[in-house]
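Since the structure comes first, as structure tokens, the remarks are kept for the end.
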Amino acid sequence: MRPILTIVLTLFLTSPVWASDASLPEEQPLFRPGVESNLNDFLWKKRPILVFADTDADPRFQEQLDLLRAQEDALRDRDVVVVFDSTPGDRSPWRTKLRPRGFQLILIGKDGGVKLRKPFPWTVRELSRSIDKMPSRLREVEDRRGD
């Protein structure tokens with residue numbers, strides 16, 4: 001009787017561990033090509049930061065991506081996804097809607113509205129300050145403090 005009880009208790013106690021592993025959310029990629037996504041993918045879930053250029057050889061485009069890659073944790077904490085597009089000929093849904101010219105950095109809120117447009121690279125610190133002032137971000141911070 002004892003061996004059976006031991007087996008049953010072992011299975012019972014270890015099953016929540018299996019369940020918790022299965023329920024972990026799969027981490028989504030932070031950087032995505034513009035042709036593979038559209039605004040509806042992120043509405044009320046993420047804050048897209050769009051980085052446009054006419055070519056990937058544009059030094060501002062490369063500098064901006066480097067600045068963003070250097071502080072990925074700060075971006076993930078603010079529910080950001082970085083969408084990059086350096087091929088104007090592909091006419092991605094983002095290009096059709098926002099009509100960027102040359103290099104352009106655009107911050108979109110979770111509500112789908114354009115919150116910021118810049119013709120030059122911005123640091124993650126500057127972007128974070130802008131995001132942290134948004135009403136939706138202020139609510140998120142308050143909700144986390146309450147938990």
All side-chain contact (heavy atoms from CB on, under 4.5 Å) counterparts of Pro93, not counting sequence neighbours: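 Expected list: Asn38.
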Partners passing side-chain contact (heavy atoms from CB on, under 4.5 Å) against Leu138 (at least two apart in sequence or in another chain):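 Applying side-chain contact (heavy atoms from CB on, under 4.5 Å) to Leu138 gives none.
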Is the shortest side-chain heavy-atom distance between Ile108 and Phe42 below 4.5 Å?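 No; the side chains remain at least 4.5 Å from each other.
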For [X], what residues pass the side chain to side chain donor-acceptor pair (under 3.5 Å) criterion, not counting sequence neighbours?
{"X": "Ser130", "value": "none"}
{"X": "Ser92", "value": "Asp85"}
{"X": "Glu72", "value": "none"}

Excluding sequence neighbours, so at least two apart, what forms salt bridge (charged side-chain N to carboxylate O under 4.0 Å, His left out) with [X]?
{"X": "Lys46", "result": "none"}
{"X": "Arg137", "result": "Asp77, Asp132, Glu140"}
{"X": "Asp41", "result": "none"}

If you link I, L, V, M, F, W and Y whenever their side-chain heavy atoms are under 4.5 Å apart, who else ends up in the same group as Val141?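 None, because no other hydrophobic side chain comes under 4.5 Å of this residue.
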Under a single-linkage rule joining Ile, Leu, Val, Met, Phe, Trp and Tyr whose side-chain heavy atoms are separated by less than 4.5 Å, which residues share a cluster with Leu105?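 Same cluster as Leu105: Leu30, Phe31, Ile49, Val51, Phe61, Leu65, Leu68, Leu75, Val80, Val82, Phe84, Phe103, Leu107, Leu116, Phe120, Trp122, Val124, Leu127, Ile131, Met134.
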Which pairs with one or both residues in residues 55-68 pass salt bridge (charged side-chain N to carboxylate O under 4.0 Å, His left out), sequence neighbours excluded?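 Those involving residues 55-68 are Asp58-Arg60.
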Identify whether the distance between the nearest side-chain nitrogen and carboxylate oxygen of Arg145 and Glu142 falls below 4.0 Å.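 Salt bridge: yes.
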[atom1]/[X] to [atom2]/[Y] distance, rounded to the nearest 0.5 angstrom?
{"X": "Asp111", "Y": "Leu43", "atom1": "CG", "atom2": "CG", "result": "7.5 Å"}
{"X": "Ile106", "Y": "Trp94", "atom1": "CD1", "atom2": "CH2", "result": "9.5 Å"}
{"X": "Thr123", "Y": "Gln64", "atom1": "OG1", "atom2": "CD", "result": "8.5 Å"}

Which pair of non-hydrogen atoms, one from [X] and one from [Y], has the smallest distance, and what is that distance?
{"X": "Ser136", "Y": "Arg47", "result": "OG-NH2, 3.1 Å"}
{"X": "Pro48", "Y": "Gly109", "result": "CD-O, 4.4 Å"}
{"X": "Pro121", "Y": "Leu67", "result": "CB-CD1, 4.2 Å"}
{"X": "Pro100", "Y": "Arg95", "result": "CG-NH1, 3.6 Å"}

Got a donor-acceptor contact below 3.5 angstrom from the Arg78 side chain to the Ala74 backbone?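 Looks like yes, one N/O pair under 3.5 Å.
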Polar side-chain atom of Arg32 near backbone of Val81 as donor-acceptor pair, under 3.5 Å: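 No: the side chain of Arg32 does not pair with the backbone of Val81.
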Run the numbers on Gln71 and Ser128 for side-chain contact (heavy atoms from CB on, under 4.5 Å), then give the verdict. CA-CA 11 Å; Gln71 295 189 13; Ser128 295; 5.9 Å; no
I need the full list of side-chain hydrogen bond (donor to acceptor under 3.5 Å, both in side chains) pairs touching residues 96-105, with sequence neighbours left out, sorted by first then second residue.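 Counting only pairs at least two positions apart or across chains, the side-chain hydrogen bond (donor to acceptor under 3.5 Å, both in side chains) contacts touching residues 96-105 are Gln104-Arg117.
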